Number of protein chains: 2
Amino acid sequence: MGVMARAATTSDAFNAIAEPQRRDILMLLRAGERPVTDLAQELGMSQPGASKHLRVLREVGLVRVREVGKQRLYGLDADGLRPVREWVGGFERFWNESFDRLDTYVQDLKQARQED
Amino acid sequence: MGVMARAATTSDAFNAIAEPQRRDILMLLRAGERPVTDLAQELGMSQPGASKHLRVLREVGLVRVREVGKQRLYGLDADGLRPVREWVGGFERFWNESFDRLDTYVQDLKQARQED
DNA sequence: CCATCATATTCCCATATCGGCATGTGACAA
DNA sequence: TTGTCACATGCCGATATGGGAATATGATGG
């Protein structure tokens, strides 16, 4: 049994979207399916680079591939974002509270000004 | 100047929440401020481990520290999740569409069965 | 079959990252 | 001041990761 010096590889959606370039790919794919070379060129990355990122995205279910002739068209599978969406959603109420706090702060400022 | 073999370190919210343990910390903090040792114990991690994760979370603005006596109370700063929330929000419509696609698929299945 | 286009994979390097452990540091109490 | 508590930091080992370059694979056309 090997020494576990690092937590098990987090190959999930959270990990996949931690990479800016992978986020870029996903955003591009909102406009529709695209072949690899297209993506690489559009995003200024090498073809192998694009392929590697796409592999990660595919493995976590964020994109789908469809083979058309020589090409492989990659398409968005937004359902893969569900875990992220749900996790972030769990903070919704705090998100609002921070606005409340800001509001309170502003109110305090106004009051302080009036007291001058 | 060294060789840039990896993209500039992504020290942003996306990166911070890519770690399961850090997500756990944030979720725990929804219940209120907590000292480091508390968090470590509750989540079954070492004190240094907790401190390091908290440092990352602090650096990307996901938590705040408040010093009280010997202790340092860490509190949630949900506003730091805004970039993630907004990015994911950009896929809202595809999220719905995927349901539509599933629905279409199911309809197709029904039709295929009837044609047998 | 052979050449070519599109894409995937492999190898290598440099670096980032996590965990454990030991140690440093700052506040408070005796 | 000295001891202790709560926490941060430093160092190390193992591993994960991204980019570049070269190469393999797979489908298509001739």
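Letters A, B, ... mirror the listed sequences (proteins, then strands); counts begin at 1. Note that the coordinates shown come from a computational prediction; the quantities given were computed from them, not determined experimentally.
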*d(CG, B/L57; P, C/dT17) in whole Å*: 13 Å
*Just how far, in rounded Å, is C1' of C/dA16 from CD of B/E59?*
14 Å
*Can you give one letter per nucleotide of nucleotides 4-9 of chain D, going 5' to 3': B for a protein heavy atom under 4.0 Å from the base, S for sugar-phosphate only, - for none?*
-BSBBB
*Protein-nucleotide distance (A/E19, atom CD; C/dT15, atom P), rounded to Å*: 17 Å
_If we check side-chain contact (heavy atoms from CB on, under 4.5 Å) with A/L62, which of these qualifies: A/V84, A/I25, A/L26?_
A/L26
*Rounded to the nearest angstrom, tell me the gap between atom NE2 in A/H53 and atom C1' in C/dT7.*
16 Å
*asked:* Strictly below 4.0 Å: does B/N15 bring a side-chain N or O up to OP1 or OP2 of C/dT17?
replied: yes
*Rounded to whole angstrom units, what separation is found between the CZ atom of A/R66 and the P atom of D/dA27?*
17 Å
*asked:* Considering only residues two or more places apart or on different chains, which pairs with a residue in residues 36-50 of chain A satisfy salt bridge (charged side-chain N to carboxylate O under 4.0 Å, His left out)?
replied: A/R34-A/D38, A/R34-A/E42
_Test item: B/R23 side-chain N/O and B/I17 main-chain N/O as donor-acceptor pair under 3.5 Å_ = yes
*A/E59 atom CD, neighbour heavy-atom count above 12 within 6.0 Å*: yes
*asked:* From CD of A/E67 over to P of C/dT7, roughly how many Å is that when rounded to an integer?
replied: 11 Å
*Taking CG from B/D24 and C1' from C/dC18, how many angstroms apart are they, rounded to a whole number?*
15 Å
*Sort out for me which residue in B/R82, B/E86, B/R85 forms a side-chain contact (heavy atoms from CB on, under 4.5 Å) with A/V88.*
B/R85
*Gap between atoms CG and C1', on A/L43 and D/dG19 respectively (whole Å)*: 15 Å
*asked:* When you group the ILVMFWY residues by side-chain heavy-atom contacts below 4.5 Å and let the links chain together, are B/V56 and B/L81 in the same group?
replied: no
